[in-house]
Amino acid sequence: GEAVTTLERKLELKAAADKYTYSDTTSLGNRRKATQIEALFNEFLPSLANGAEVLEIGPGRGEFALECQKRRLSYTGLEPSNDLRTRLEEVGYRVINQVVPPIRLESNQFELIHSYHFVEHLGSYAEVMLFFEEAFRVLKPGGYISVIAPNYLTLGSLFFRYEYQH
């Protein structure tokens, strides 16, 4: 039934997540992502107070976590890849091994929820909608949700100018 299908999908997602490793990166991709993250905070999120609770879905190699640390924000990441989670924990970040959706955390906890190139990996419209429902559930009233995803209209023209990691 539906429960078996959901379990099968979770196992597929977990297996896919574990293929991502810390070494799957390029210097061009790292610089581009760091610049985007800094601009996100400077332009759109300058009012987050020290100690604000931040949740990142799919922290990957930790670029966003590092920026949160620099800005003295309280960071939590949800990462399904064991390799990436372990490396982030080794340098002191709080990272929970979890496939999203759902978000298995208490409601109304975070001032900011952030995801970078995550939603395009979800398997269906229903999963995307469940992700957003869950994000709003764990978001504090008045908080921010930041979702960065590829723009499919410009992806084709940019494909040969950048080195994409996925």
> With hydrophobic residues grouped by side-chain heavy-atom distances under 4.5 Å, do Y125 and L130 end up in a single group?
Replying inline: no
> Going from SG on C68 to CD1 on I37, what distance comes out if it is rounded to the nearest 0.5 angstrom?
Replying inline: 8.5 Å
> Can you name the closest pair of heavy atoms from P101 and L122 and give their distance?
Replying inline: CD-CD2, 3.7 Å
> Do you know which two heavy atoms are closest between F110 and L139, and how far apart they sit?
Replying inline: O-CD1, 3.3 Å
> What do the steps show when you test E90 against R87 for salt bridge (Lys or Arg N to Asp or Glu O under 4.0 Å), and what is the final call?
Replying inline: CA-CA 5 Å; E90 287 172 354; R87 289 183 181 264; 5.5 Å; no
>> Donor-acceptor check, side chain of E111 to backbone of E53, threshold 3.5 angstrom: yes or no?
In response: yes
> CZ of R94: more than 12 outside heavy atoms within 6.0 angstrom?
Replying inline: no
> OG of S146 to CG of L45: how many Å apart, nearest 0.5 Å?
Replying inline: 6.5 Å
>> Could you report the tightest heavy-atom contact between P59 and G77, atom names first, then the distance?
In response: CG-CA, 4.2 Å
>> Would you say the ring centers of F131 and F118 fall short of 6.0 Å from each other?
In response: yes
>> Just to verify, which of R104, R85, E79 counts as forming a side-chain contact (heavy atoms from CB on, under 4.5 Å) with Q98?
In response: R104
>> Can you see whether Y75 engages Q69 through a side-chain donor-acceptor pair at a distance of less than 3.5 angstrom?
In response: no
> Shortest non-hydrogen contact from A149 to V119?
Replying inline: CB-CG2, 3.9 Å
>> Hydrophobic clustering (ILVMFWY, side-chain heavy atoms < 4.5 Å, transitive) - are I145 and L78 grouped together?
In response: yes
> So do the side chains of H114 and I148 get within less than 4.5 Å of each other, counting heavy atoms only?
Replying inline: yes
>> To the nearest 0.5 Å, what is the distance between CG on L88 and CG on D83?
In response: 9.5 Å
>> Looking at every heavy atom in both A52 and L48, which two are closest together, and how far apart are they?
In response: CB-CD2, 4.2 Å
> Is the backbone N or O of P102 less than 3.5 Å from a side-chain atom of E134, with the two atoms forming a donor-acceptor pair by type?
Replying inline: no
> Are any side-chain N or O atoms of N108 and backbone N or O atoms of V138, one a donor and one an acceptor, separated by less than 3.5 Å?
Replying inline: no
> Say you draw a straight line from CD1 of I103 to CD1 of I57; how long is it, rounded to the nearest 0.5 Å?
Replying inline: 4.0 Å
> Does E63 reach the side chain of L66, with side-chain heavy atoms less than 4.5 Å apart?
Replying inline: no
>> For the CD1 atom of I113 and the CZ atom of R137, what is their distance to the nearest 0.5 Å?
In response: 9.0 Å
>> Taking ring pair (Phe, Tyr, Trp, His ring centres under 6.0 Å) as the definition, give me every residue that meets it alongside F41, ordered by chain and number, with sequence neighbours left out.
In response: F64
>> Working to the nearest 0.5 angstrom, can you tell me the gap between S74 OG and N50 CG?
In response: 11.5 Å
> Same cluster or not: are F136 and M129 linked, directly or through other Ile, Leu, Val, Met, Phe, Trp or Tyr residues, by side-chain heavy atoms under 4.5 angstrom apart?
Replying inline: no
